[in-house]
Amino acid sequence: MRVTLPDGSVREYPKGSSSHDVALSISEGLARNVLAAKVNGKVQDANLPIDGDAEVQLLTWNDRDGKATFWHSSAHLMAEALEALYPGVKLAIGPAVENGFYYDVDFEGKHFSQDDFKKVEDKMLELARQKNEFVRQPVAKDDAMAYFTEKGDPYKIELIQGLEDGSITFYTQGGFTDLCRGPHIPNTGFIKAAKLMNVAGAYWRGDEKNKMLTRIYGVTFPKQKELEEYMTLLEEAKKRDHRKLGKELDLFTFSEKVGQGLPLWLPKGALIRERLENFLRRAQVRAGYSPVVTPHIGSKQLYVTSGHWEKYGEDSFQPIRTPDPNEEFLLKPMNCPHHCEIYKSRPRSYRDLPLRLAEFGTVYRYEQSGELHGLTRVRGFTQDDAHIFCRPDQVKEEFMKVIDLVQYVFTSLGFNDYSAQISLRDPDNGAKYIGSDDLWEKAESAIIESAREKGLPTVTEKGEAAFYGPKLDFMVKDALGRKWQLGTIQVDYNLPNRFELEYVGADNQKHRPVMIHRAPFGSMERFIAILIENTAGNFPLWLSPDQIAILPISEKYEDYANDLFLTLQESDIRGYVDLRDEKIGRKIRDAEVSKVPFMLIVGDKEQAEGKVSVRRKGQGDLGAMSVEEFTALFQKEIKV
RNA sequence: GCCUUCUUAGCUCAGUGGUAGAGCACUUCCUUGGUAAGGAAGAGGUCGUCGGUUCAAAUCCGAUAGAAGGCUCCA
């Protein structure tokens with residue numbers, strides 16, 4: 001049989017050879033490192049015979065799929081260890097994930113916590129050292145049922161019930177057998193380092209009506225050193241956590257008294273936020289948006305009309321009462337209903353469209369308490385919201401313009417590592433959505449086409465749409481690799497119906513406009529959180545709360561320093577003069593730690609020559625220069 | 001909301017049944033120092049809150065609030 005390798009070379013092997021044999025024919029070293037193989041696009045065990053002519057890619061630790069196989073096998077190893085240590089534990093599922101693997105298990109009330117990690121890790125390594133092979137064995141459905149009925153594993157039985165006879169396989173390593181489609185690494189000996197990361201509750205099959213199981217996350221490596229490197233990497237990532245940096249850099253805080261999930265912006269954080277808002281305001285003026293301002297509350301009727309009351313009423317902040325028992329107001333969870341009413345404030349002509357109403361609108365949503373997370377998930381936040389009211393024939397063009405705007409914003413702030421996600425309806429769960437199928441199809445195809453024409457690489461997720469329409473979301477990762485939605489663009493044919501929005505067409509007839517909801521940042525809170533983590537608090541100069549620190553060598557130069565500060569303030573440069581009775585080394589250190597981009601050191605020499613000694617954070621001494629030279633240097637960096 | 005863990009000074013943390021600790025930050029004094037921490041002294045906490053066990057609770061138990069990691073959710 002002929003085997004084609006990824007480099008295009010073709011080799012001849014006896015029929016029934018395995019991927020391992022292929023590896024062996026190339027080099028022994030490679031054979032030792034092969035974890036699995038991709039045969040005609042499908043990942044399978046390295047020791048499984050190859051049926052006939054095939055394209056074969058050997059997978060090692062350096063391949064994504066190789067790692068996934070390694071970790072999946074590690075999940076089995078952990079399960080084996082758990083069974084050995086906790087007889088009678090019930091196993092559910094144990095897949096590989098992005099950074100390791102987990103296994104959901106049912107301890108049936110027995111306690112399991114971080115204190116037990118070491119024990120499990122040691123057991124895993126002990127079992128790994130036995131170099132037990134992962135043995136694949138196809139089983140009949142009845143036999144599979146019988147095995148787990150005997151073992152008393154209700155979760156496995158439920159899983160088998162959903163499988164088709166003939167497609168079921170078991171994998172056994174050592175004395176442990178699990179229901180598994182595979183593939184696996186050749187033997188447990190490949191696993192040289194194991195660490196359990198955390199325990200968490202997880203509902204069986206992800207349904208909160210089901211029993212909560214114990215999910216144990218772990219990670220394993222083929223070398224001890226790689227585990228150490230990974231742990232160091234994690235430590236580094238934790239230093240970038242926006243909650244930590246937000247505290248250290250005095251950007252924001254929370255107060256129990258104010259309430260959970262309600263951030264308080266400190267002066268420095270507020271300054272960043274204001275700069276970002278101004279940045280987007282300017283871009284939006286150029287893109288033809290009109291700023292509007294609407295109140296933080298709206299009558300309940302507004303949200304009955306929009307459908308938000310029916311959808312979220314019980315799970316949101318409850319209505320605000322007034323002395324009039326017939327009156328009820330809601331904190332606004334969305335700006336769109338208000339904007340719809342602005343649209344309706346007078347008759348609209350097709351010539352007025354598109355109408356683009358923009359507002360930094362603060363909204364309040366009663367998120368579940370367990371969901372709150374720093375600035376990325378809060379209960380009160382400000383959307384850089386806008387609603388574009390346009391004719392149906394303008395939808396695609398407008399949508400594409402918004403994609404441009406979002407990309408402009410992301411690029412300007414150095415967010416290059418983002419993914420675009422098209423969120424569509426769940427076709428099996430129509431009840432979740434409002435609006436006719438026809439309108440949904442129109443909206444969905446508008447998004448798909450726009451993204452395609454913009455050449456945007458996208459992933460499509462069914463069931464992730466908003467209840468009133470599909471959307472295109474821009475996702476980025478935080479320091480610890482968790483995905484968050486930032487920018488969003490949503491096409492909506494439904495709200496215009498609910499609010500009976502109209503415009504007079506060229507034919508002098510009434511027509512219904514289409515709405516596009518969009519927010520390039522998403523929310524100021526979340527965006528800034530991600531910005532903090534992306535920059536590790538080293539903001540671009542134009543966003544830095546303090547751009548300069550003037551550091552006099554001693555108090556003799558205070559007057560010179562103060563005068564200098566006034567001069568620079570005239571060029572809109574912000575910062576402070578460090579007048580403390582400290583040595584220059586100390587002042588520099590403190591400015592470096594608080595991440596001030598420019599330090600201006602002034603002493604005898606500078607005063608005499610009317611100059612400043614410039615030190616750039618992270619770079620060091622740039623030498624002495626005149627105030628004009630420094631201002632020019634500064635302005636040049638701002639412009640970039 | 002659910003599961004697990006955590007909550008001690010402004011910050012980072014030590015202290016597991018016997019009258020509250022460290023470093024940094026803060027205040028005062030000394031020092032006037034040239035590119036990442038000068039020195040000394042002082043002040044600062046009813047150990048998240050409420051209740052229980054005990055002669056005695058930061059420490060053990062319960063409730064509650066908040067936080068962390070997940071799950072579910074996310075207009």
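Note on naming: letters A, B, ... go to the chains in the order of the sequence lines (proteins, then strands), and numbering restarts at 1 for each one. Keep in mind that the numbers below use all heavy atoms, side chains included, and drop hydrogens, waters and symmetry copies. Just so you know, these numbers come straight off a predicted model, no measurement behind them.
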Between [M] and [N], how far apart are the [atom1] atoms? Round to whole Å, please.
N	M	atom1	value
B:G21	B:A14	C1'	7 Å
B:G10	B:C26	P	14 Å
B:G51	B:A22	C1'	32 Å
B:A58	B:U16	P	13 Å
B:A9	B:U5	C1'	24 Å
B:A67	B:U49	C1'	15 Å
B:G70	B:U27	P	39 Å
B:G23	B:C6	C1'	22 Å

Tell me whether the side-chain N/O atoms of [X] come closer than 4.0 Å to OP1 or OP2 in [N].
X	N	value
A:R377	B:C74	no
A:R498	B:A75	no
A:H373	B:G69	yes
A:Q260	B:G66	yes
A:R482	B:G70	yes

NA contact type, [X], heavy-atom cut-off 4.0 Å: base, sugar-phosphate, or nothing?
X	result
A:Y468	sugar-phosphate
A:A200	base
A:F254	nothing
A:K471	sugar-phosphate
A:Q368	base
A:G206	sugar-phosphate

Report task. Side chain of A:K247 only, please: which of B:C74, B:C11, B:C71 is the nearest? Result ->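 Within the option list, the nearest is B:C11.
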Query - Of the listed nucleotides B:G1, B:U12, B:C71, the one nearest the side chain of A:E208 - result: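 The closest nucleotide is B:G1.
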[Y] versus [X], side-chain donor and acceptor atoms under 3.5 Å:
X	Y	result
A:S523	A:Q383	no
A:D104	A:W204	no
A:N335	A:H387	no

**Report entry** Per-nucleotide protein contact string for nucleotides 32-51 of chain B (B base, S sugar-phosphate only, - none; heavy atom under 4.0 Å)
**Finding:** BBBBBBB-------------
Query raised in the report: Where do A:Q421 and A:S423 land on the side-chain hydrogen bond (donor to acceptor under 3.5 Å, both in side chains) test, with the steps shown first?
Result: CA-CA 6 Å; A:Q421 175 180 311; A:S423 300; 3.2 Å; yes
In whole angstrom, give the distance that lies between atom [atom1] of [X] and atom [atom2] of [N].
X	N	atom1	atom2	answer
A:L375	B:A68	CG	P	11 Å
A:D207	B:G1	CG	P	19 Å
A:L213	B:U4	CG	C1'	14 Å
A:I216	B:G70	CD1	C1'	13 Å
A:Q421	B:C74	CD	P	13 Å
A:H242	B:A68	NE2	P	8 Å
A:K244	B:U12	NZ	P	8 Å
A:Q383	B:A75	CD	C1'	9 Å

Requested in this report: Specify the residue among A:K311 and A:Y203 whose closest nucleotide of RNA chain B lies further upstream toward the 5′ end.
Outcome: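 Upstream on the strand: A:Y203.
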**Report entry** First of A:G261 and A:H308 reached from the 5' end of RNA chain B, by closest nucleotide
**Finding:**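 Per heavy-atom nearest nucleotide, the more 5' residue is A:G261.
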Requested in this report: Kindly state whether the ring of A:F630 and the ring of A:F598 have centres lying under 6.0 angstrom apart.
Outcome: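 Here the rings of A:F598 and A:F630 have centres that are less than 6.0 Å from each other.
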Query raised in the report: How about A:H76 and A:W71: are their ring centroids closer than 6.0 Å?
Result: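 No - the distance between ring centres of A:H76 and A:W71 does not fall below the 6.0 Å cut-off.
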Query - Heavy-atom check, side chain of A:I548 versus side chain of A:M599, under 4.5 Å - result: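 The answer is no; the side chains never approach within 4.5 Å.
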Query - Pair assignment for RNA chain B - dot-bracket with | for other-strand partners, Watson-Crick or G-U under 3.5 Å - result: (((((((..((((....[..)))).(((((.......))))).....(((((..]....))))))))))))....
Query raised in the report: For A:Q318, does the CD atom sit with more than 12 other heavy atoms under 6.0 Å from it, leaving out its own atoms?
Result: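 Count over threshold, so yes.
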Query raised in the report: If you count the non-hydrogen atoms of other residues, nucleotides and ligands that lie under 6.0 Å from CD in A:E314, is the total more than 12?
Result: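 Not buried by this count: 12 neighbours or fewer within 6.0 Å.
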Query raised in the report: Does A:Y366 have A:R379 sitting over its ring (NZ/CZ under 6.0 Å from centre, angle to axis within 45°)?
Result: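 Here A:R379 passes the 6.0 Å and 45° test against A:Y366.
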Query raised in the report: Can a cation-pi geometry be assigned to A:R425 and A:Y433, taking NZ or CZ under 6.0 Å from the six-membered ring centre and within 45° of the ring axis?
Result: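 No, A:R425 and A:Y433 do not form such a contact.
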Report task. In plain terms, say whether A:K471 and A:D473 are close enough for a salt bridge, that is, a side-chain N and a carboxylate O under 4.0 Å apart. Result ->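 Answer for the salt bridge query: yes.
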